[in-house]
Amino acid sequence: MLSGITGPRDLDRLAPEQLVQLAAEIRTFLVDAVSKTGGHLGPNLGVVELTIALHRVFESPRDKVLWDTGHQSYVHKLLTGRQDFARLKMKGGLSGYPARAESDHDVIENSHASTVLGWADGLAKANELLGRQDHVVAVIGDGALTGGMAWEALNNIAAAKDRPLVIVVNDNERSYAPTIGGLASHLSTLRTTDGYERFLARGKDLLGRTPVVGKPLYETLHGAKKGLKDVIAPQGMFEDLGLKYVGPIDGHDIEALESALSRAKRFGGPVIIHCLTEKGRGYQPALQDEADRFHAVGKIHPDTGLPIASSGLDWTSVFGEEMVKLGEERQDIVAITAAMLQPVGLDRFAKAFPDRVYDVGIAEQHGAVSAAGLASGGVHPVFAVYATFLNRAFDQVLMDVALHRCGVTFVLDRAGITGTDGASHNGMWDMSILQVVPGLRIAAPRDADQVRAQLREAVAVDDAPTVVRFSKGAVGPAVQAVGRIGGMDVLRAPARADADRPDVLLVSVGALAPMCLEIADLLDKQGISTTVVDPRWVKPVDEALAPLAERHRVVVTVEDNSRVGGVGSAVAQALRDAGVDVPLRDFGIPPRFLDHASRNEVLAEIGLTAPDIARQVTGLVARLDGRYDGAEQTAEPVRD
């Protein structure tokens with residue numbers, strides 16, 4: 001039946017029993033397809049019936065169906081004519097998130113949580129201004145509702161009583177792991193609905209902790225005397241915000257979902273539909289996975305859910321293990337996560353020290369400010385977060401942590417090119433954005449040993465923010481230093497011992513150390529002598545770098561970060577400030593959004609490989625020697 005669905009309107013001809021069959025086929029398809037490629041499995045298994053109902057009731061793409069975060073959009077893709085999942089998240093294949101280039105049915109593709117209600121508010125306002133009768137539907141998970149942006153949007157949405165907008169709360173009690181916080185408790189109350197007074201007792205506590213709206217909402221609820229209605233469905237929290245509430249609805253009952261969505265569609269104002277769904281539904285291995293219900297998986301055996309192959313030791317695990325050791329040694333070490341305890345490697349720390357880990361929900365801004373408070377209170381917080389998500393908390397890092405000289409350590413997982421998750425998940429901006437923060441220090445470990453060492457160096461700083469960034473996936477063998485200059489590790493001395501002034505000083509940043517050593521080997525074959533150094537701490541620039549650069553003919557920087565404002569720019573400025581007039585070439589990521597592909601494919605596409613860089617450096621040295629004859633023009637240029 002699924003193969004006959006080429007667009008949403010094909011759903012209109014199906015009888016109720018056929019819709020149930022279609023839902024079963026979709027789940028079978030998802031398990032089979034995603035087990036081969038990897039991807040977000042659990043969230044999509046949970047929204048099968050909900051997605052079918054949405055596309056039967058609304059007229060996408062004229063009506064805008066918006067997905068918060070977007071990792072639960074696989075079913076949406078299937079129902080909008082995209083059923084070739086053979087290269088999901090691979091180069092040339094389907095994105096793992098909504099993608100405008102794929103379909104007119106996709107709107108938001110940034111895959112950062114808690115943004116959908118702001119998008120919906122803007123689109124609904126545009127419909128009103130232009131006199132369109134189109135509908136806007138925003139699907140947001142209970143986990144994403146822990147983000148402050150969602151509540152800012154709700155405040156605006158509720159102010160327009162007659163502006164149509166349907167908000168579907170996909171409530172599976174989870175984001176990655178079980179959802180925490182006051183809102184989660186409230187939604188749990190709506191699920192159990194076992195009495196008005198019990199609701200008020202719980203509500204008084206949780207709403208008392210809810211900023212701005214908490215106390216007024218509780219007082220309104222307590223005095224409302226809505227009687228039996230509240231015993232059956234205590235929906236007051238949403239209705240007193242000015243939002244019509246429908247639910248809770250069984251998110252796996254297509255008929256009930258269609259009825260609720262149709263009523264919301266006719267209402268003519270903002271409506272919240274509260275749907276209860278089960279993450280991982282229909283797939284026993286996912287349901288038995290208490291950690292995250294197979295939120296995201298690699299390649300797995302479809303029958304057992306077990307991984308096909310182990311990727312070996314990964315950067316995240318190295319960090320997680322060292323955090324436990326630090327926790328044992330120092331009672332003042334605490335950890336913060338933004339709803340991603342396991343993905344960032346803090347699950348072991350949480351098991352060992354449950355009272356010293358704080359999950360703030362999908363609220364990176366709050367997490368950073370809370371970290372400043374913790375530091376001011378006498379402990380040392382380690383806030384572990386994906387590099388791309390720290391972008392959301394820049395102002396708090398600047399004005400709350402750095403301005404107050406708080407000893408907070410930010411650990412940035414998935415730094416640099418992550419590849420398959422696409423443009424919004426590449427951690428390619430952190431070393432540029434954070435360069436402007438006074439006093440902040442950035443460490444870029446090259447291997448597992450350096451993750452351990454530099455994490456310890458970072459938490460030893462108690463009067464400034466520190467950052468430790470590392471890559472995604474498997475960590476390679478240790479890259480041994482052959483010497484130390486200032487605070488920098490020398491990874492390779494010039495091959496020609498008699499070179500009075502070596503040709504190239506190659507500054508290697510983080511995980512690109514093996515590539516930089518390969519570049520040096522290629523240059524050596526061309527008779528170009530090269531020193532390779534790892535600065536370890538890339539901000540501030542080591543004072544020993546300028547005099548070392550002066551003893552070389554060319555300086556080259558290689559970083560897994562944007563070329564704009566990154567380490568290369570900082571090194572160039574340091575050389576200028578020191579009066580060192582040496583040519584410098586900076587290699588990094590061009591300032592553009594990168595399509596999903598494997599990490600190696602992305603690196604090749606942007607010219608960030610050893611052969612590409614060696615060719616360009618060879619040409620630069622040849623021009624300095626006055627022997628440039630045009631032959632180097634065949635070398636690929638830096639791709640901006």
Side-chain angles (χ1 to χ4, degrees), residues 310-319 387 412-419 426-428 431 442-455 468-485 488-495 502-526 528-538 555-561 563 566-568 571 585-589 597-618 636 638:
S310 172
S311 59
L313 186 66
D314 62 86
W315 296 89
T316 305
S317 297
V318 173
F319 159 69
L412 306 189
D413 201 323
R414 273 72 164 175
I417 292 172
T418 56
N426 288 313
M428 54 183 276
M431 289 196 293
I442 303 174
R446 64 180 179 269
D447 56 27
D449 290 345
Q450 290 301 308
V451 169
R452 299 182 185 101
Q454 294 189 265
L455 177 62
V468 180
R469 73 181 313 258
F470 48 75
S471 297
K472 175 184 179 181
V475 56
V479 179
Q480 299 297 332
V482 298
R484 173 74 63 102
I485 298 176
M488 302 181 294
D489 279 347
V490 179
L491 304 185
R492 176 187 171 117
D503 294 308
V504 177
L505 173 62
L506 182 54
V507 180
S508 167
V509 177
L512 297 185
M515 178 201 295
C516 290
L517 290 173
E518 183 183 352
I519 294 169
D521 286 338
L522 293 173
L523 294 176
D524 184 59
K525 291 176 182 177
Q526 300 296 319
I528 298 172
S529 55
T530 305
T531 304
V532 181
V533 296
D534 172 11
R536 302 182 73 249
W537 289 86
V538 296
V555 175
V556 173
T557 64
V558 183
E559 62 188 295
D560 195 3
N561 181 80
R563 291 181 63 230
V567 176
V571 169
R585 288 295 305 272
D586 56 319
F587 294 90
I589 303 171
S598 72
R599 175 179 165 85
N600 286 338
E601 286 171 332
V602 174
L603 289 171
E605 179 187 339
I606 63 176
L608 201 59
T609 68
D612 285 329
I613 295 172
R615 279 196 297 270
Q616 294 187 63
V617 175
T618 299
E636 296 182 45
V638 174

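Quick note: residue numbers are just sequence positions, from 1. Just so we're clear, the structure is a prediction, and the values are computed from it rather than from any experiment.
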If you measure from [atom1] on [X] to [atom2] on [Y], what distance do you get to the nearest 0.5 Å?
X: Ile519; Y: Arg615; atom1: CD1; atom2: CZ; value: 11.5 Å
X: Ile589; Y: Met428; atom1: CD1; atom2: CE; value: 5.0 Å
X: Asp413; Y: Thr316; atom1: CG; atom2: OG1; value: 3.5 Å
X: Leu512; Y: Leu608; atom1: CG; atom2: CG; value: 6.0 Å
X: Cys516; Y: Leu491; atom1: SG; atom2: CG; value: 8.5 Å
X: Glu601; Y: Ile417; atom1: CD; atom2: CD1; value: 12.0 Å

Quick one: does [X]'s side chain get under 4.5 Å of [Y]'s, heavy atoms only?
X: Thr557; Y: Val509; answer: no
X: Pro494; Y: Thr531; answer: yes
X: Asp524; Y: Arg492; answer: yes

Side chain to side chain contact (heavy atoms under 4.5 Å, CB included) between Ser508 and Val558, worked out | CA-CA 5 Å; Ser508 167; Val558 183; 5.9 Å; no

Side chain to side chain contact (heavy atoms under 4.5 Å, CB included) between Phe587 and Asp612, worked out | CA-CA 10 Å; Phe587 294 90; Asp612 285 329; over 6 Å; no

Within the distance-only criterion (no hydrogens, no angle test), does the side chain of [X] pair as donor or acceptor with the backbone N or O of [Y] below 3.5 angstrom?
X: Asn561; Y: Met431; answer: yes
X: Gln454; Y: Arg536; answer: yes
X: Asp447; Y: Ala511; answer: no

Nearest heavy-atom contact between Gly607 and Ile613 is O-CG1, 4.1 Å

Dump the intermediate steps for side chain to side chain contact (heavy atoms under 4.5 Å, CB included) on Asp560 and Arg599, then the final yes or no.
-> CA-CA 11 Å; Asp560 195 3; Arg599 175 179 165 85; 2.8 Å; yes

Test side chain to side chain contact (heavy atoms under 4.5 Å, CB included) on Asp489 and Gln450 and set out the steps.
-> CA-CA 11 Å; Asp489 279 347; Gln450 290 301 308; 4.1 Å; yes

Would you call the rings of Phe319 and Phe470 parallel, tilted or perpendicular, where under 30° means parallel and over 60° means perpendicular?
->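 Ring orientation of Phe319 relative to Phe470: tilted.
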
